[in-house]
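Quick caveat, the model's predicted, so the values are computed rather than measured.
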Amino acid sequence: IMINTTPLGMHPNIESSVLNDIEFIEKDKIFYDVVYNPEITKFLKTVKKNNRIISGKHMFIEQAVKTMELLTNPDESEKFRDYIYKNRLI
């Protein structure tokens, strides 16, 4: 698994990436980028073929849910999470 936790690739610098040379990348690996804007970064586009990619969208949602929990209560935050996923808001 390789995880990008840097802001590289985040809007407006969408052409930057933590990977410049992908020759060492093996197939059937997992690549996760915490950047959520754009959802599919240059980093993820580079490794997409033959690998599993995960965008930062879910981290973004869970941050919002945790904020909702802190501002209201856990029941409301669960409803908020369910609403987001059920209605595909992101």
Side-chain angles (χ1 to χ4, degrees):
I1 186 167
M2 182 174 188
I3 304 170
N4 174 34
T5 61
T6 75
L8 290 173
M10 186 181 293
H11 180 77
N13 301 315
I14 61 172
E15 290 303 315
S16 59
S17 176
V18 293
L19 286 180
N20 292 318
D21 182 8
I22 63 165
E23 291 181 21
F24 71 93
I25 302 297
E26 297 176 24
K27 294 179 180 179
D28 302 317
K29 302 297 179 197
I30 300 170
F31 293 85
Y32 176 57
D33 199 337
V34 299
V35 171
Y36 50 83
N37 183 15
E39 183 176 350
I40 305 299
T41 60
K42 183 177 180 180
F43 166 66
L44 294 179
K45 287 177 188 175
T46 301
V47 298
K48 186 175 184 174
K49 186 177 181 181
N50 301 315
N51 294 293
R52 180 173 176 214
I53 63 169
I54 305 168
S55 75
K57 176 174 71 172
H58 299 290
M59 184 193 72
F60 178 70
I61 292 169
E62 293 306 317
Q63 286 175 331
V65 169
K66 186 63 175 177
T67 300
M68 186 72 149
E69 179 182 323
L70 293 171
L71 296 175
T72 61
N73 63 59
D75 291 336
E76 291 301 315
S77 65
E78 289 298 319
K79 290 177 191 175
F80 181 61
R81 176 190 290 116
D82 293 345
Y83 181 79
I84 290 171
Y85 284 112
K86 180 181 176 184
N87 295 291
R88 301 175 193 228
L89 297 179
I90 295 182

| Does some side-chain heavy atom of L19 sit less than 4.5 Å from a side-chain heavy atom of I25? | yes

| field | Close side-chain approach of F31 to T46, heavy-atom, < 4.5 Å | value | no

| task | Determine the minimum heavy-atom distance between S55 and E39, stating which atoms define it. | result | CB-O, 3.1 Å

| What is the distance from atom CZ of R81 to atom NZ of K66, rounded to the nearest 0.5 Å? | 10.0 Å

| said: My understanding is that only residues two or more places apart in sequence, or in another chain, count here; which of them pass salt bridge (charged side-chain N to carboxylate O under 4.0 Å, His left out) with K48? | reply: none

| request: Following the transitive rule for hydrophobic clusters with a side-chain heavy-atom cut-off under 4.5 Å over Ile, Leu, Val, Met, Phe, Trp and Tyr, establish whether Y85 and Y83 coincide in one cluster. | output: yes

| request: Compare every heavy atom of G9 with every heavy atom of S16, then report the nearest pair and how far apart it is. | output: OG-N, 2.9 Å

| field | Mutual orientation of the aromatic rings belonging to F60 and Y36 [parallel < 30°, tilted 30-60°, perpendicular > 60°] | value | tilted

| Shared hydrophobic cluster for V35 and I61 (ILVMFWY, side-chain gaps under 4.5 Å) | no

| Can any side-chain N or O of N51 pair as donor or acceptor with the backbone N or O of D28 at less than 3.5 Å? | yes

| query | So, for P38 and I14, which heavy atoms are closest and what is the spacing to 0.1 Å? | reply | CD-CG2, 3.6 Å

| task | Drop me the distance from I30's CD1 to R52's CZ, to the nearest 0.5 angstrom. | result | 5.5 Å

| request: Can you sort out the partners of K79 under salt bridge (charged side-chain N to carboxylate O under 4.0 Å, His left out), two or more places apart, ordered by chain and number? | output: E76

| message | Is there a side-chain contact between T41 and L8 in this structure, where contact means two heavy atoms from C-beta onward sitting under 4.5 Å apart? | response | no

| said: Working to the nearest 0.5 angstrom, can you tell me the gap between I84 CD1 and H58 NE2? | reply: 11.5 Å

| When hydrophobic residues are tied together by side-chain contacts of less than 4.5 Å, even through go-betweens, does Y32 share a cluster with M10? | no

| note | Per side-chain contact (heavy atoms from CB on, under 4.5 Å), M59 is matched among I54, D33, V34 by V34

